[in-house]
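Please read these numbers as outputs of a predicted model, since none were measured by experiment.
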Amino acid sequence: MAKETYNESSIKVLEGLEAVRMRPGMYIGSTSTKGLNHLIYEIVDNSVDEHLAGYCDEIKVTLNKDGSATVEDNGRGIPVGMHAKGMSAERVVFTTLHAGGKFDNASYKTSGGLHGVGSSVVNALSTWLDVEVSRDGNIYHDRYEQGKPVIELEKGLLPIIGKSKKTGTKISFVPDPEIFEHTRFKEDDIKSRLHETAYLNPELKIIYTDLRGDEPDTETFHEPDGLVGFVNDIDKTSEKLHDTVYFSGISDDIKVEVAFQFCNEFHENILGFCNNIYNAEGGTHITGFKTAFTQVMNSYARELGILKDKDQNFTGADVRNGMTAVISIKHRDPRFEGQTKTKLDNQDAAKAVNKVTTDEIQLYFDRNIDTLKTVLSCAEKAAKIRKSEEKAKTNLLTKQKFSFDSNGKLANCESRDPSKCEIFIVEGDSAGGSAKTARNRMYQAILPIRGKILNVEKASMDKILQNLEIKTMINSFGCGFSEGYGNDFDITKLRYDKIIIMADADVDGAHISTLLLTLFYRFMPELIYEGHVYIAMPPLYKAMPKNGKEEYLYDDEALEKYRKRHKGPFTLQRYKGLGEMDPEQLWETTLDPERRKLKQVEIEDGRMASDVTEMLMGNDVPPRKQFIYDNARTAELDV
Ligand code: TTJ
């Protein structure tokens, strides 16, 4: 590499990128598949910013055969002229932390949480990154390797490699295998996220192409119905009770957009976005909406005589029973808090959403009395169920006062240090028995569960709370439960750092894992978001060679490798289920922290989250299996 590539300020800059390579997790959350996919979102977000600024209506995202990804837009093109730092502005974008493409103060920044950390982070974590900018009739070229520029500039300016009448930016990069555990982008996650971006930006067209398979897979995401289309999509498998309601408005310089619909379901599903970024932990925009909605619905209920003078108000949960809503705001200076920095914190957002919701929803309901009545009857139904639940809940809370150790069939561990403790939820009494014998009593608790647990998506709250298995789990974990991000759940009280689902490696086992994940996702989502939930991976085979050591093989790929590697005869024992292993085998393969394989359960945010819900809870069986197996293949190993 030519020495001239560097000057004093670029050396400082490279030290910054070195820091990114040293601690990638700090910048992209993780180096798992989730972190990997973030690289693409990070680059795409720059093009979306250009769209929001009013200059780009098409983005192409291509996954190439060589493992690289290409993002191309028809915006104005990253500026290539000389920047104050003595190099091309484009170089500043890709080598300065937090510079991003945000030269334009008039547009909304997508930065917040893990997002918007800057294209320089993507550059730092890529084996190579290639830039082509079309502007002023020329195509300019630049290239980096592990974040370092490899093209010599003449008088600080980029080389011109062609002519073009169009404008735009095209970025290609390959994620660095020195950084990432896996470097294969996961098509389903990326498609979901791009689809979500299309819903949030109805005038934007996103063309996705996967060239990695034998046949190219192309999909165009363009959703002119915007949030209404988003809500309809989330509800596509549910029985809808009315047409999706949409309203928007601006208050205090904050743009607010809301779409909602009620279905014949027991739960609420409310997604919040700020500047196109999903807020997994919710925040002030959601609070503002909820407060306004509860207040307006109660005053309608009184006006219409549904609530009499003596009646108590509906609760917030009552009026949201069966609701799907997407709330999207645009804020010039978003702040985020929370464990994963995905909770919107700006107080003015609560006020603005409250005001727009109060005004617009009344305008709507005054003209659509039928919808109003439908929504209020959902609230009435919920209030009725709530009253019977309150009894069930009281029972549960009294139970909780009993000794933690005599909790159902829980065999608790001795240590009370949550950071060291683990709880295994084991399918079947016989595997449960072996696990109790085999475990490390100090730190490992075993909770056997019988057969299939209740599908919480198909049951009402009082049924759920009466279910012994579910009660035992809630009591053992120690944090209570809530629907979504509620006040009743307290993760600081969690008694185990790891909650490990241990089920057979077959379809039934996958189904049980799915039901458990559904339960956690619905009532204790923080357990998943904060990485406490794992799936144990028992081996599929044991290879016993004539001479040499026995070896456990965890999947068919491992078996194939073993066959290639191992010369000479061997017997292969296939495990059908956990119940077949004796305690010693169970310890060696599945319990021993030194040798076992665990998969951490991760949920992609945004639309993916709602898709997962759908996959988990929906009526189609095949997609359910998909969720479990997909994640089982790509989730991280925690050996
Ligand atoms: C900034 O203000 C002057 C005109 O161009 C604006 C700009 O930065 N536009 C822009 C950046 N469009 N697209 C990008 C971009 C696209 C990708 C794929 C990646 C990055 C880092 C920026």
Side-chain angles (χ1 to χ4, degrees), residues 227-228 230-232 234-235 238 240-252 254-274 279 281-304 306-307 311-329 343-344 346-386 461 482-488 610:
L227 295 193
V228 172
F230 198 168
V231 167
N232 289 343
I234 295 171
D235 286 344
S238 306
K240 299 157 187 70
L241 300 177
H242 62 90
D243 285 343
T244 300
V245 177
Y246 172 87
F247 59 85
S248 66
I250 298 179
S251 170
D252 195 14
I254 298 164
K255 257 168 83 178
V256 179
E257 262 192 294
V258 178
F260 72 86
Q261 180 175 54
F262 283 78
C263 289
N264 195 11
E265 301 275 345
F266 286 112
H267 60 88
E268 57 178 82
N269 189 7
I270 300 176
L271 309 180
F273 293 82
C274 178
N279 305 119
E281 294 172 284
T284 46
H285 44 357
I286 304 233
T287 319
F289 172 74
K290 286 181 172 176
T291 315
F293 193 76
T294 308
Q295 198 265 318
V296 171
M297 295 320 284
N298 272 303
S299 55
Y300 272 123
R302 299 222 175 256
E303 224 172 273
L304 295 175
I306 292 171
L307 289 179
D311 291 332
Q312 281 191 332
N313 268 356
F314 289 131
T315 66
D318 290 345
V319 299
R320 294 189 301 272
N321 177 43
M323 177 189 245
T324 300
V326 177
I327 298 151
S328 170
I329 73 157
K343 183 173 186 181
L344 187 68
N346 304 66
Q347 287 313 315
D348 56 356
K351 265 179 80 182
V353 179
N354 191 317
K355 170 137 185 33
V356 171
T357 303
T358 304
D359 293 351
E360 296 298 322
I361 221 164
Q362 295 189 69
L363 277 179
Y364 184 88
F365 281 142
D366 285 348
R367 295 189 187 123
N368 296 274
I369 303 288
D370 287 349
T371 309
L372 173 62
K373 287 184 175 158
T374 305
V375 172
L376 283 172
S377 73
C378 291
E380 274 186 286
K381 211 167 74 184
K384 228 190 223 158
I385 296 174
R386 168 170 54 86
M461 274 296 279
S482 66
E483 283 197 82
Y485 270 87
N487 303 323
D488 297 344
S610 56

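- Distance CG/Leu376 to CD/Glu303: 10.5 Å, rounded to 0.5 Å.
- Between the CD1 atom of Ile361 and the CZ atom of Phe293 there is a distance of 5.0 Å, given to the nearest 0.5 Å.
- With a 6.0 Å radius and a threshold of 12 heavy atoms from other residues, nucleotides or ligands, Asp243 has its CG atom at or below the threshold.
- A pairwise comparison of heavy atoms in Ser238 and Glu265 identifies OG-OE2, 3.1 Å as the closest pair.
- Of all heavy-atom pairs between Ile286 and Gly272, the closest is CD1-N, 3.6 Å.
- Between atom OH of residue Tyr246 and atom CD of residue Glu360 there is a gap of 9.5 Å, rounded to the nearest 0.5 Å.
- Of the possible polar contacts, one joining the Asn279 side chain to the Cys274 backbone as a donor-acceptor pair under 3.5 Å is found.
- At a threshold of 4.5 Å between non-hydrogen side-chain atoms, the residues Asp370 and His242 do not count as touching.
- Residues Val258 and Phe289 have side chains in contact (heavy-atom distance under 4.5 Å, counting atoms from C-beta outward).
- Side chains of Lys351 and Asp252 form no contact here, defined as non-hydrogen atoms less than 4.5 Å apart.
- In this structure, CG in Leu372 is found 8.5 Å from CG in Asp366, a value given to the nearest 0.5 Å.
- Ring pair Phe260/Phe247 is perpendicular by interplanar angle, where above 60° counts as perpendicular and below 30° as parallel.
- Enclosure of atom NZ in Lys355 is not indicated, since only 12 or fewer non-hydrogen atoms of other residues, nucleotides or ligands lie within 6.0 angstrom.
- Between atom NZ of residue Lys290 and atom CE of residue Met323 there is a gap of 10.0 Å, rounded to the nearest 0.5 Å.
- In terms of heavy-atom proximity, Cys378 sits nearest to Phe262 at SG-CD2, 4.1 Å.
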**OP:** Could you give me the CA-CA distance, side-chain angles and deciding distance for Glu257 and Val326, then say whether side-chain contact (heavy atoms from CB on, under 4.5 Å) is met?
**Re:** CA-CA 8 Å; Glu257 262 192 294; Val326 177; over 6 Å; no
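- One distance of note links CG of Leu241 with OG of Ser377; it measures 7.5 Å at 0.5 Å rounding.
- Listed for the Thr284 side chain is a donor-acceptor partner under 3.5 Å among the backbone atoms of Asn346.
- Tyr300 and Gln362 form no side-chain donor-acceptor contact under 3.5 Å, judged by distance and modelled atom types alone.
- Annotation: side chain of Ile329 is in contact with side chain of Leu344 (closest heavy-atom distance under 4.5 Å).
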Subject >> Worked check of salt bridge (charged side-chain N to carboxylate O under 4.0 Å, His left out) between Arg386 and Asp318 >> reply: CA-CA 8 Å; Arg386 168 170 54 86; Asp318 290 345; 2.8 Å; yes
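- Contact between Leu271 and Phe273 at its shortest, heavy atoms only, is CB-CE1, 3.9 Å.
- A pairwise comparison of heavy atoms in Gly316 and Thr294 identifies CA-OG1, 3.5 Å as the closest pair.
- Residues Ala352 and Ser251 approach most closely at CB-O, 3.6 Å, considering heavy atoms.
- Taking the side chain as every heavy atom from C-beta outward, Ile306 and Met297 never approach each other to under 4.5 Å.
- A side-chain N or O of Thr358 and one of Asn354 form a donor-acceptor pair less than 3.5 Å apart.
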